Protein chains: 2
Amino acid sequence: MNLNNNSTAMDAIQKFREYIKEKGLRNTPEREMIIEEIFAIHNHFDVDELFLRLRNKKKRISKASLYRAIPLLIDSGLIKEVYFENGHLHYEHIYGHKHHCHLRCVSCGRIVEFADDEIVSIQNKIGKNYGFAITSHRFELLGYCSQCEQKQKTCTERNTSIKTLKRHQAIDMSIQTKNPHNQRGDTRR
Amino acid sequence: MNLNNNSTAMDAIQKFREYIKEKGLRNTPEREMIIEEIFAIHNHFDVDELFLRLRNKKKRISKASLYRAIPLLIDSGLIKEVYFENGHLHYEHIYGHKHHCHLRCVSCGRIVEFADDEIVSIQNKIGKNYGFAITSHRFELLGYCSQCEQKQKTCTERNTSIKTLKRHQAIDMSIQTKNPHNQRGDTRR
DNA sequence: TTATTATTGAGATTCATTTTCAATTATAGC
DNA sequence: GCTATAATTGAAAATGAATCTCAATAATAA
Ligand SMILES: [Mn+2]
Ligand SMILES: [Mn+2]
Ligand SMILES: [Zn+2]
Ligand SMILES: [Zn+2]
């Protein structure tokens, strides 16, 4: 939409071209359209949202290609996974953005981003203690946003019914897999 | 095996019974066998491992029951999800254990647990800044363990082949889902 | 002991992700 | 520009973790 978005997308595409060349791969218009669209999304996103947005713009890229592009985009440093929610992964573009962590309201799902320098010093301390060369971290704070906290206070009856228990109370998880076998959140940014 | 394990498991079962009563549910031998087995596992575990361990002890509990038990065990504070890896969630028992965070080697998958008090003060600071009542956090450090760091240094040839790229480079993700719709790593402890 | 209804297991289902494979096309070399 | 090579694509099938269905079973309260 605005100039800033487009220029970031172009930079990202440029970086991806270099990555592709370095790896001896081939670039394709599909991949560049994917990157362009991802950098037009200013929220956390999932594959389905990306697919639908592309489709709405008459870019008919198959989901297989999206799934195939994602590890490349991650490896090239353009995007990263942010969380696993509702049975699937959610991503955000990181190229051209500062690292940040997330605050999540466990009640309404609201997500707030924040950055804090102290985390890095803890990171360094722990890395030294355990002989690890730390390259990154993942820090998520869970709790109740001010609105939900308010509601909680005014609500006197407690929820004791198991009927409201959700399966998959997964919170911010996923791992770098080592073997190429099969393997298999709101979205504020 | 040893007394300590069993007594923790018994305490956990006791706590679960209270939880069940409070929620107006019914306890079953299956659920208690599940808890007993989980507290005999001193690693992070997944549903499949739990299922096989039970089966090896002639406790033939269906996977459906395992999946059904997990949200109860989480809600009652006995276990929690630790990460999403290789396409599925991994858990750990937390009852009777101090909260801890994880260091993960992105090369070999080694996981080291650590605790640090400074994290809590950061947590409080951020919570105050953003008006959140923080209830918990998730902090994971990623990097290279000393062994893998060593190998990296001695290895001169760089891995430039995309063939080694893994899908699902998910790292520690999963989210409390809001709707009851369908939704869907290594394991050192 | 009985009535009620939560829980179980087996199997079907769902759905995110991966794989297969034939057709297409990006790149390197000429 | 033309060709050969092999990476990439899309469509559809396959995979697999997690959930759901439903009839049979069994835990609780009365
Ligand atoms: Mn973010
Ligand atoms: Mn742990
Ligand atoms: Zn909220
Ligand atoms: Zn290592």
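Fair warning: this is a prediction, and the values are worked out from it, not measured in the lab. All values below were derived from every heavy atom in this structure, side-chain atoms included, with hydrogens, water molecules and symmetry-related copies excluded. Each chain gets a letter, A, B and so on, in the order its sequence line appears, and its residues count up from 1.
Rounding to the nearest 0.5 Å places NE2 of B/His99 at 10.5 Å from CD of B/Glu113.
Between B/His137 and B/Cys101, the closest heavy-atom pair is NE2-SG, 3.7 Å. A pairwise comparison of heavy atoms in A/Lys23 and A/Asp75 identifies CE-OD2, 3.6 Å as the closest pair.
Judged by a 6.0 Å distance limit and a 45° cone about the ring axis, A/Arg53 is not positioned over the six-membered ring of A/Phe45.
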So which protein nitrogen or oxygen atoms get under 3.5 Å of nucleotides 21-25 of chain D's nitrogens or oxygens?
unit_1	atom_1	unit_2	atom_2	d
D/dT21	O4	B/Arg68	NH1	3.3

What are the atom names and distances for every N/O pair under 3.5 Å that joins the protein to nucleotides 25-29 of chain C?
unit_1	atom_1	unit_2	atom_2	d
C/dA26	O3'	A/Asn27	O	3.1
C/dA26	N3	A/Arg26	NH1	3.0
C/dT27	OP1	A/Asn27	N	3.1

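If you measure from atom CG of B/Leu66 to atom P of D/dA17, you get 13 Å, rounded to the nearest angstrom. Atoms CD1 (B/Ile61) and P (C/dA10) sit 11 Å apart, rounded to a whole Å. In this structure, CG of B/Asp46 is placed 8 Å from P of D/dA18, rounded to the nearest angstrom. Rounded to whole Å, the distance from CG on B/Leu54 to P on C/dG9 is 10 Å. One interatomic measurement links the two molecules: CZ of A/Phe51 to P of C/dA16, which rounds to 12 Å at whole-angstrom precision. Per the geometry, CD1 belonging to A/Ile70 stands 14 Å off P belonging to C/dT19, to the nearest Å. Taking atom NZ on B/Lys23 and atom C1' on C/dT7, their separation rounds to 18 Å, with Å as the unit. As rounded to whole Å, 16 Å separates atom C1' of C/dT19 from atom NZ of A/Lys63.
Ring geometry for A/His93 versus A/His97: interplanar angle of 30 to 60°, hence tilted. Taking the six-membered ring for Trp and thresholds of 30 and 60 degrees, B/Phe84 and A/Phe84 have nearly parallel ring planes, at less than 30 degrees apart.
In terms of phosphate contacts, A/Arg60 brings no side-chain nitrogen or oxygen within less than 4.0 Å of OP1 or OP2 of D/dG10.
A salt bridge links B/Glu37 with B/Lys57; the closest basic N to acidic carboxylate O contact falls under 4.0 Å.
In the displayed structure, A/Lys125 atom NZ is contacted under 6.0 Å by more than 12 heavy atoms of other residues, nucleotides or ligands. Heavy-atom contacts from other residues, nucleotides or ligands closer than 6.0 Å to CG of A/Asp117 number 12 or fewer.
Considering only the side chain of B/Ser62, C/dA10 comes nearest among D/dA18, C/dA10, D/dG10. Of the candidate nucleotides C/dT8, C/dT17, D/dA17, C/dT17 has the atom nearest to the side chain of A/Tyr67.
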